[in-house]
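Report on one structure; see the data block that follows.
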Protein chains: 2
Amino acid sequence: MSNIRVVAELAGVSVATVSRTLKQPESVSPKTRHRVLDAIQQAGYQPNQLAARLRSGKTHNLVVLVPTIANVFFARVISGMQQVAHEKGFTLLLSNTQADEQTECHYARMVESAAADGVIQLRAFNPFKREHVNEHQLHPMVNACEVLDEVACPTVMLDNRAAAAAMTRHLLALGHNRIALVKGPARSPLTRDRIAGYRDALNEVGINFDEQLLVAGDFSLKSGYEAAAHLLTLAERPTAIFCENDEMAMGAMQCLKKMGLRIPEDMSVAGFDDINFAEYSDPPLTTIAQPAEEFGRTAVSLLIDVLQGRVTKAAKVILPFELVIRNSTGPLHKQP
Amino acid sequence: MSNIRVVAELAGVSVATVSRTLKQPESVSPKTRHRVLDAIQQAGYQPNQLAARLRSGKTHNLVVLVPTIANVFFARVISGMQQVAHEKGFTLLLSNTQADEQTECHYARMVESAAADGVIQLRAFNPFKREHVNEHQLHPMVNACEVLDEVACPTVMLDNRAAAAAMTRHLLALGHNRIALVKGPARSPLTRDRIAGYRDALNEVGINFDEQLLVAGDFSLKSGYEAAAHLLTLAERPTAIFCENDEMAMGAMQCLKKMGLRIPEDMSVAGFDDINFAEYSDPPLTTIAQPAEEFGRTAVSLLIDVLQGRVTKAAKVILPFELVIRNSTGPLHKQP
DNA sequence: TTGAAAGCGCTAACAC
DNA sequence: GTGTTAGCGCTTTCAA
């Protein structure tokens with residue numbers, strides 16, 4: 001691979017001129033510019049990014065910390081990130097962390113070792129060591145989707161509490177008063193907010209919260225299936241199941257159908273996310289649509305703003321949700 | 001951020017000793033090593049990767065070219081890549097190319113500009129310019145999943161022809177003799193191979209290939225839905241639909257159910273890939289299981305082997321598939 | 001408008 | 001075992 005010196009020699013100019021031709025062409029006379037461009041062609045010259053980056057101290061790399069890329073929702077988020085990153089000349093370093101804090105810290109450290117400029121964390125965990133926190137300066141980080149409580153950085157989030165309340169109200173309006181909630185991992189603020197929203201809606205109509213109707217899941221199809229199986233063993237069964245994501249809702253539906261229940265006649269089921277499959281499930285799933293790609297796009301442009309000093313406060317961006325009513329939820333049918 | 005010189009000064013040694021302490025600790029006396037390590041601690045020193053990489057000429061970055069990350073199958077492949085990359089100290093630069101050749105070339109050029117060491121292409125397209133091809137040297141590239149015909153690089157693939165034949169034979173054995181095939185994008189070798197396998201199986205039992213039963217799709221749920229809708233308009237309907245991926249099969253099932261057909265009594269449906277959802281669809285989908293994560297793992301370790309000169313031939317790795325029979329396929333029921 | 005030259009932070013060849 | 005030193009390829013003052 002040829003370097004800048006070869007090109008300079010070929011064009012009969014200095015290396016500085018070659019560099020300028022590429023970076024600020026207007027500062028070079030048309031004649032020289034032409035000669036240099038020709039020489040670049042001839043040499044098949046590609047500027048060495050490594051060297052340029054070392055010099056400038058900018059890598060144009062962004063680390064993305066995602067718990068599981070195999071999750072359809074996150075895949076869409078990343079898709080959105082990619083769009084903006086590509087547009088703005090950044091590349092995404094993907095890290096599928098399996099929610100492992102050590103791995104997350106490892107990748108976050110790439111910022112300190114100049115392998116990346118910033119990180120986007122899709123989980124509620126701060127991968128930067130406390131000691132390095134500077135009160136007056138933001139970490140080069142943006143937190144999206146599952147956000148931290150103590151925001152030390154800009155965040156992009158949904159009003160999960162309001163969204164869960166909206167779905168719960170929808171089910172209440174259909175006449176359900178025993179509504180189960182299949183939640184996600186217990187420690188997640190996201191799970192906690194959705195539970196809060198669910199309780200808000202119950203409170204509004206004076207229904208007591210029943211601990212039994214709160215079942216733990218892990219956002220997988222399987223855990224939704226198991227949660228539904230468990231709920232069916234209850235003495236006082238629910239008449240509707242609200243799952244904190246679509247995968248669990250689809251798993252739950254599978255279980256219910258296997259047990260011979262009809263959806264929504266015998267049991268209503270609702271999800272969260274509105275993944276592709278939701279519309280094509282049987283019956284099509286009532287859910288909360290989240291602007292997944294928009295999460296990614298916003299997170300990346302926010303991070304770039306932080307890196308370029310255009311954002312200096314830990315701002316919070318709240319993205320809108322939409323209640324999408326399909327056929328998996330329906331009016332309460334009195335049990336025979 | 002402190003640098004190697006600060007640490008050297010702090011420890012009262014030369015920069016070379018600091019570097020050695022980190023790279024070949026055994027070549028430094030225990031006493032000095034200790035002093036250096038202490039100084040590193042004290043300075044909060046993180047070696048600058050950019051500098052190390054410029055020096056060594058290795059970035060330890062691998063570009064991944066994926067058509068659509070929002071595709072569940074690819075997401076799993078990437079998941080596997082990530083595992084091995086992390087183990088071997090490489091990072092993945094993700095590029096969601098939407099199958100755009102220009103974008104693919106752009107990212108592949110990162111190798112020439114020293115922003116990455118190699119590329120993994122998940123689509124049948126060579127993103128490197130021909131001119132740069134050297135007969136005796138491999139491109140730093142590995143092609144996986146959808147592979148090129150003219151292999152200029154190592155590939156990781158499935159025997160798509162055999163897999164499609166196996167599925168077709170399964171349907172034939174159930175008594176079906178009008179089997180539709182919903183294919184992927186026409187130009188893909190993968191699509192072509194699967195069609196060939198389908199025809200192989202038909203030939204074996206002397207059934208003529210019927211062009212009408214070959215429907216185009218694009219691997220999306222929607223296209224599967226539409227393909228099924230189209231097939232139902234045929235004068236001589238098929239009794240089984242074999243889709244080239246699970247998403248299309250699920251879309252097709254949705255359409256069939258909407259039209260009041262029972263699966264598999266009125267129509268058998270089969271997919272390809274065995275994504276998570278396949279097991280949880282209604283009915284559970286008969287499909288070809290592909291070792292998605294293994295594709296990713298193999299591709300990355302193969303690429304690293306190429307980069308380190310351990311592989312010099314465009315070897316072909318063929319991964320095994322498995323016919324997974326669930327309830328979406330069943331014996332032919334004579335139409336009334 | 002162009003060139004000379006100093007370094008970004010590190011590694012490695014060579015000397016002691 | 002350890003230090004000295006010459007770069008890796010580029011950008012960017014500073015001078016001309």
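Note that these values count all heavy atoms, side chains included, but never hydrogens, waters or copies made by symmetry. Throughout, protein chains are lettered first and strands after them, A, B, ... in sequence-line order, and every chain is numbered starting at 1. All values reported here derive from a predicted model rather than from experimental measurement.
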Ion pair B/E294/B/R297, N-O distance below 4.0 Å: yes
Can A/E293 and A/R76 be counted as an ion pair, charged N to O under 4.0 angstrom? yes
Parallel, tilted or perpendicular: which describes the rings of B/H60 and B/F90, with under 30° parallel and over 60° perpendicular?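 Because their plane-to-plane angle lies in the 30° to 60° range, the rings of B/H60 and B/F90 count as tilted.
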How close or far is atom [atom2] of [N] from atom [atom1] of [X], stated in whole angstroms?
X: B/E112; N: D/dG9; atom1: CD; atom2: P; answer: 16 Å
X: A/Q24; N: D/dT12; atom1: CD; atom2: P; answer: 7 Å
X: A/H34; N: C/dT2; atom1: NE2; atom2: P; answer: 14 Å
X: B/E9; N: D/dG3; atom1: CD; atom2: C1'; answer: 15 Å
X: B/R53; N: D/dG9; atom1: CZ; atom2: C1'; answer: 16 Å

[X] [atom1]: over 12 foreign heavy atoms closer than 6.0 Å:
X: B/H34; atom1: NE2; result: no
X: A/Q41; atom1: CD; result: no
X: A/R187; atom1: CZ; result: no
X: A/Q102; atom1: CD; result: no

side-chain N/O B/T17 vs D/dG3 OP1/OP2, d < 4.0 Å: yes
Any B/S27 side-chain nitrogen or oxygen under 4.0 Å from OP1 or OP2 of D/dT2: no
Estimated bend of the helix from C/dT1-D/dA16 to C/dC16-D/dG1 (axis per five terminal pairs, rounded to 10 degrees): 40°
Which letter, B, S or -, goes with each nucleotide of nucleotides 5-10 of chain C from 5' to 3', with contact meaning a protein heavy atom under 4.0 Å? -BBBBB
Rounded distance [0.5 Å steps], CD1 in B/I40 versus OG in B/S2: 9.5 Å
With a 4.5 Å limit on heavy-atom distance, are the side chains of A/K58 and A/D117 in contact?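 When only atoms from C-beta onward are counted, A/D117 and A/K58 do touch, with a gap below 4.5 Å.
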Counting the atoms with a prime plus P, OP1 and OP2 as sugar-phosphate, which does B/R20 contact under 4.0 Å by heavy atoms, base, sugar-phosphate, or nothing? base
